[in-house]
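Let me begin by presenting the structure, written as structure tokens, before commenting on it.
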Amino acid sequence: LNHDMTFLTQLKASLDTIVDTVRSHVVKVEDANLFLEEQLDSADKKLLNSKNSNILRKALQDAADADNNTQLTTDQMKILTDLMNVPTPIPRRNQNADQVRAALSRIEKMHASTQAILTYCGLTAEEKTSFPGSLKKCSAILKENLLALGKDHSYLFEDVEEKDEDGNPIIKLEDAWNKHLQYVDETVVQSAAAVEEDDDDITAEDEPANKRQKTDEDTSTPPAETNRMVISARVLLTPGRKPISKLIPELKKKSAVLIKNGTVSSIRMEFGTAFEMTIYFKPLLVTIRATNKEATATATPIRDITALSGGIQWPSLHQGLNAGETTDDNTSHVSVLGVTGTRATLAPIIAKQLEYASAQATHVLRKCFAATVNGKTSSSESNFGIEIAETSALIKFMKIVRSTYHNGKWVEVED
């Protein structure tokens, strides 16, 4: 019996660990703020342990000795807490001086919050009990004031944004993963708008009829059909099939290039000199890579790569990252997010971000193509009808891409 209880206890501990790990991953993806709060709570509990607190306190005291302005005392913590909780003055309308004072007040509160975190970590475990939940409180104040500054002074970011000769924002490599592609179901939007219009016209007599339950005679699409995901094009640009006449003009409007490599076709879209996107159809995949500045560009709507062998040419995640600026010591450097570093240091990080952006774009592309299948059967459609529908799905995807990366200011290229 004791052996069985020991086994069950070990099994419970193992299952609890697995559940906590899974929950941590889910929360991290779905709610980053909640994940941060939980991690701060966990860190706070660990700091209340005397052994952990003493190790961190000693390290901070050694650093504080070199900086005479740093104080790790309860009195300093109380002063910083008061500064954190000072009310922010509400600026009067059209009063620039008031807006400046409010902004400076928020910056001071943020500065006090960061100093309070440092001071709190330098207190003993017993002293920390006088300031419960300080890590979470400091984090909340930092987040609140950062968001407020970004909202009230967003025009400052617009003014410093780099622009080209035509006054349009210059696309940067980091836009590939910072600007998320989002699929919007137009039918749902239209249906929601129609329901709102209908609700305005519903009278007391009509309401019961509108709220009646559906019967077996209803011919709505089953839920399983509406959630179907498509991973491959059925007809459009499949091996050996020529593009329909409607596609070429649309590609030109979106500044996209059709690439034919033997029997395999793909579409390439370039975004300034920062990055490029390649769309494959069998299977439906999207790759986003840094622009290979050494490659020669083409302006023709159809580009044949006869020098390459047949099959999909999958670009390396490090494409365009290997050739950076070379310094005097012959070290290749790359720049991203305002940071310049060696290729060996930054290239793997950038490649990982581009891989994430490619996966997100692939998801949106497949959602667009899924709309051509949901609620329909293959036997009820001709290849030509399927091709028309998939062409419309591709055009919708390219429209989403251009609108996202060009901040909604993309103007189609006309003949």
Side-chain angles (χ1 to χ4, degrees), residues 28 31-41 43-44 60 63-64 66-123 130-164 167-180 182 274 335-341 353 404-409:
K28 186 187 301 183
D31 193 340
N33 292 326
L34 177 59
F35 176 76
L36 177 61
E37 290 179 5
E38 293 180 352
Q39 292 301 307
L40 290 174
D41 275 337
D44 214 346
L60 291 176
D67 185 2
N68 297 327
N69 295 326
T70 303
Q71 300 180 29
L72 305 176
T73 63
T74 54
D75 292 338
Q76 179 68 9
M77 187 65 188
K78 291 177 182 178
I79 294 174
L80 293 172
T81 302
D82 292 338
L83 291 175
M84 285 164 43
N85 296 320
V86 170
T88 302
I90 301 176
R92 294 169 293 180
R93 182 175 296 181
N94 298 326
Q95 295 294 323
N96 293 334
D98 287 358
Q99 294 178 356
V100 171
R101 278 194 291 269
L104 290 175
S105 173
R106 293 191 181 280
I107 293 173
E108 288 296 329
K109 293 175 69 172
M110 291 166 57
H111 180 262
S113 299
T114 56
Q115 291 297 315
I117 293 175
L118 178 65
T119 304
Y120 177 78
C121 292
L123 299 178
S130 301
F131 307 94
S134 291
L135 293 181
K136 185 188 292 186
K137 293 176 183 177
C138 293
S139 175
I141 290 175
L142 282 169
K143 177 185 174 183
E144 175 190 352
N145 288 280
L146 275 173
L147 292 175
L149 286 172
K151 180 180 179 181
D152 296 341
H153 303 278
S154 58
Y155 62 91
L156 294 176
F157 298 99
E158 296 177 359
D159 291 341
V160 300
E161 192 175 42
E162 294 184 35
K163 298 183 179 180
D164 57 20
N168 299 318
I170 296 177
I171 298 178
K172 300 179 180 179
L173 181 58
E174 52 265 31
D175 291 339
W177 60 83
N178 283 338
K179 297 181 178 179
H180 299 279
Q182 296 290 339
S335 298
V336 65
L337 290 171
V339 177
T340 300
Q353 295 287 1
T404 301
Y405 291 134
H406 292 270
N407 298 327
K409 299 179 181 179

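- A donor-acceptor contact shorter than 3.5 Å is absent between the side chain of Ser105 and the backbone of Arg101.
- Between Thr404 and Asp175 the shortest side-chain heavy-atom distance does not fall below 4.5 Å.
- Ala43 approaches Leu135 most closely through the heavy-atom pair CB-CD1, 4.2 Å.
- At least one side-chain heavy atom of Leu34 sits under 4.5 Å from a side-chain heavy atom of Glu37.
- Between Tyr120 and Leu80 there is no side-chain heavy-atom pair separated by less than 4.5 Å.
- Heavy atoms from other residues, nucleotides or ligands lying under 6.0 Å from CD1 of Ile90 number 12 at most.
- For the pair Ser134/Met77, a side-chain contact is recorded, criterion being any heavy-atom separation below 4.5 Å from C-beta on.
- Closest approach of Lys137 and Pro132 over heavy atoms only: NZ-O, 3.4 Å.
- Side-chain contact between Leu36 and Leu40: present, with at least one pair of heavy atoms (C-beta onward) separated by less than 4.5 Å.
- A heavy-atom distance below 4.5 Å is found between the side chains of Met110 and Leu149.
- Atom CG of Leu146 sits about 12.0 Å away from atom CD1 of Ile141, to the nearest 0.5 Å.
- Within the structure, the salt bridge (Lys or Arg N to Asp or Glu O under 4.0 Å) test picks out no pair touching residues 106-119 (sequence neighbours left out).
- Nearest approach of Ser113 to Cys138, heavy atoms of both residues: O-SG, 3.8 Å.
- Annotation: side chain of Cys121 is in contact with side chain of Leu60 (closest heavy-atom distance under 4.5 Å).
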